[in-house]
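This report concerns only the one structure given below.
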Amino acid sequence: MSKPLILVGAGGMGRMWLQAILEEPGAELAGIVDLDIEAAQAALEALGRPDVPTGQDAVALAEETGAEAVVNVTIPQAHHPVTATALNAGLPVLGEKPVADTLPRALSLAAAAEATGEFFMVSQSRRYNQQLYTFRDEARILGPAGMLVCEFFRAPRFGGFRDQMAHPLLLDMAIHPFDAARFVMGTEPVSVYCEEFNPSWSWYVGDAAATAIFQMESGARFVYTGSWCSPGRETSWNGQWRLTAERGSVLWDGERAPLTDSDAPVHHTQIPGAGIAGALAEFLSALSSPTSAQWHVARVGSGSLRSWKRRSGLQV
Ligand SMILES: NC(=O)c1ccc[n+]([C@@H]2O[C@H](COP(=O)([O-])OP(=O)(O)OC[C@H]3O[C@@H](n4cnc5c(N)ncnc54)[C@H](O)[C@@H]3O)[C@@H](O)[C@H]2O)c1
């Protein structure tokens, strides 16, 4: 039976989620919420579904339509109020990254999920990438990883909330490779040293460049260097990667098949779906057997910020 969902947020990413929900057989779009009702209606009309109910309050629309879960695709500052209200009303939530705009609010959402017993999952859509799974599968047969390096250099002109955020790169983008590094290395970070800054020509209010060194539980290091105001010779949106391990290395440019020098047979794991469709499929399957949400991602991103503010390494 398909799960009736309320989608909150009809902006650029909300429209992508709208399509993913309509294409997912296990989900049914019960309604769409936005502070800007016209944006919600326009998104529905663009997909030929003007019949779907709209509103400005997710819990009220869920009660009206009988929806059983919420997908929160609002701006980061609205993640906490929208998700906390839904959890407190007994609705499980699939939220866009970041968990929240600050670590205290992210922890407060973890507490709300625990206190209410409702499932809360944060979508890390870039995890659901067949090449990233192949990268992980190829890395696994090379023995213990020594170091994983990711470089990310792009120059997007977004306008909107990212231009105004205090930490646009770390909180809105670097969180993806931080998650991917945990996935590829199969180990969690224990400490991080990070420097964040804003190049003189940056068009962002907040710091748009950073370098972070994570020490992982295994003793390996993950090194991330990125900039969101780096015109020319841009990397892919996934960044450019090198993993060096005991018996070889893997390279991934983020958009083509990873390259390795090992001939050993690899067991290739299939993704549950691509991008947000994969996150939605995992959310729906988790609703029948909930597992713990991805809190560590929030701590890793925020840990980088606090390390930079203290100019010292930090336990995460
Ligand atoms: N996974 C990815 O690859 C990816 C890509 C882009 C954006 N995102 C994330 O998706 C989220 C949304 O980003 P976007 O680019 O769509 O932003 P956006 O600004 O285009 O749209 C946000 C929408 O949320 C609405 N909104 C704001 N506060 C609200 C509230 N309290 N209640 C209801 N609606 C509210 C706004 O009116 C707007 O329509 C962000 O968290 C962003 O980080 C993820």
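All values reported here derive from a predicted model rather than from experimental measurement. Indexing begins at 1, ligand by ligand and atom by atom, following the structure's order.
Counting heavy atoms closer than 4.0 Å to ligand 1, residue Ala78 contributes side-chain atoms (C-beta onward) but none from N, CA, C or O. At a 4.0 Å heavy-atom cut-off, ligand 1 does not touch Ile276 at all.
The Val8 neighbourhood of ligand 1 comprises atoms 33 (C), with distances under 4.0 Å to a heavy atom of that residue. Applying the 4.0 Å criterion to heavy atoms of His79 picks out, from ligand 1, the atoms 41 (O). Residue Gly12 has at least one heavy-atom neighbour below 4.0 Å for each of these atoms of ligand 1: 16 (O), 20 (O). Within ligand 1, the atoms closer than 4.0 Å to a non-hydrogen atom of Asp172 are 42 (C), 43 (O), numbered from 1 in the order shown. Below 4.0 Å from some heavy atom of Gly9 lie the following atoms of ligand 1, by number and element: 24 (O).
Two residues are said to be in side-chain contact when any heavy atoms from C-beta on lie closer than 4.5 Å; Leu29 and Arg49 fail this criterion. Annotation: side chain of Asp172 is in contact with side chain of Lys97 (closest heavy-atom distance under 4.5 Å). In this structure, the side chains of Ser262 and Arg247 stay at 4.5 Å or more apart for every pair of heavy atoms.
When the options Ile37, Leu7, Val71 are evaluated for a side chain to side chain contact (heavy atoms under 4.5 Å, CB included) with Ile32, the one that passes is Leu7.
Between the choices Glu96, Gln56, Met165, Met173, the shortest heavy-atom distance to atom 9 (C) of ligand 1 belongs to Glu96. Of the candidates Met13, His176, Arg126, the one placing a heavy atom closest to atom 16 (O) of ligand 1 is Met13.
Of all the heavy atoms in Asn198 and Ala208, the pair that sits closest is OD1-N, 3.1 Å. When all heavy atoms of Arg162 and Tyr204 are compared, the pair lying nearest together is O-CD2, 3.7 Å. For the residue pair Asp261 and Gly248, the shortest heavy atom distance occurs at OD1-CA, 3.8 Å.
The protein non-hydrogen atom at the shortest distance from atom 36 (C) of ligand 1 is Asp34 OD1, 3.4 Å. Shortest contact from atom 22 (C) of ligand 1 to any protein heavy atom: Ile75 CG2, 3.8 Å. In this structure, the protein non-hydrogen atom closest to atom 32 (N) of ligand 1 is Leu35 CG, 3.7 Å. For atom 35 (C) of ligand 1, the closest non-hydrogen atom on the protein side is Thr74 CG2, 3.5 Å. Nearest non-hydrogen protein atom to atom 3 (O) of ligand 1 is Ser125 OG, 3.4 Å. Protein heavy atom closest to atom 17 (O) of ligand 1, with residue, atom name and distance, is Phe161 CE2, 3.4 Å. Shortest contact from atom 21 (O) of ligand 1 to any protein heavy atom: Gly11 CA, 3.2 Å.
Rounded to the nearest 0.5 angstrom, Tyr224 OH and Leu148 CG are separated by 12.5 Å.
Using 4.0 Å as the threshold, Met16 has no heavy atom nearer than that to any atom of ligand 1. Heavy-atom separations between Arg162 and ligand 1 include at least one value shorter than 4.0 Å.
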| field | Working for side-chain contact (heavy atoms from CB on, under 4.5 Å), residues Leu109 and His80 | value | CA-CA 7 Å; Leu109 288 182; His80 184 274; 3.6 Å; yes

| request: Could you walk me through whether Ile276 and Met13 pass side-chain contact (heavy atoms from CB on, under 4.5 Å), step by step? | output: CA-CA 10 Å; Ile276 55 176; Met13 201 60 194; 3.8 Å; yes

| field | Criterion side-chain contact (heavy atoms from CB on, under 4.5 Å) on Arg221 and Phe214, from CA distance to verdict | value | CA-CA 6 Å; Arg221 300 293 190 277; Phe214 294 89; over 6 Å; no

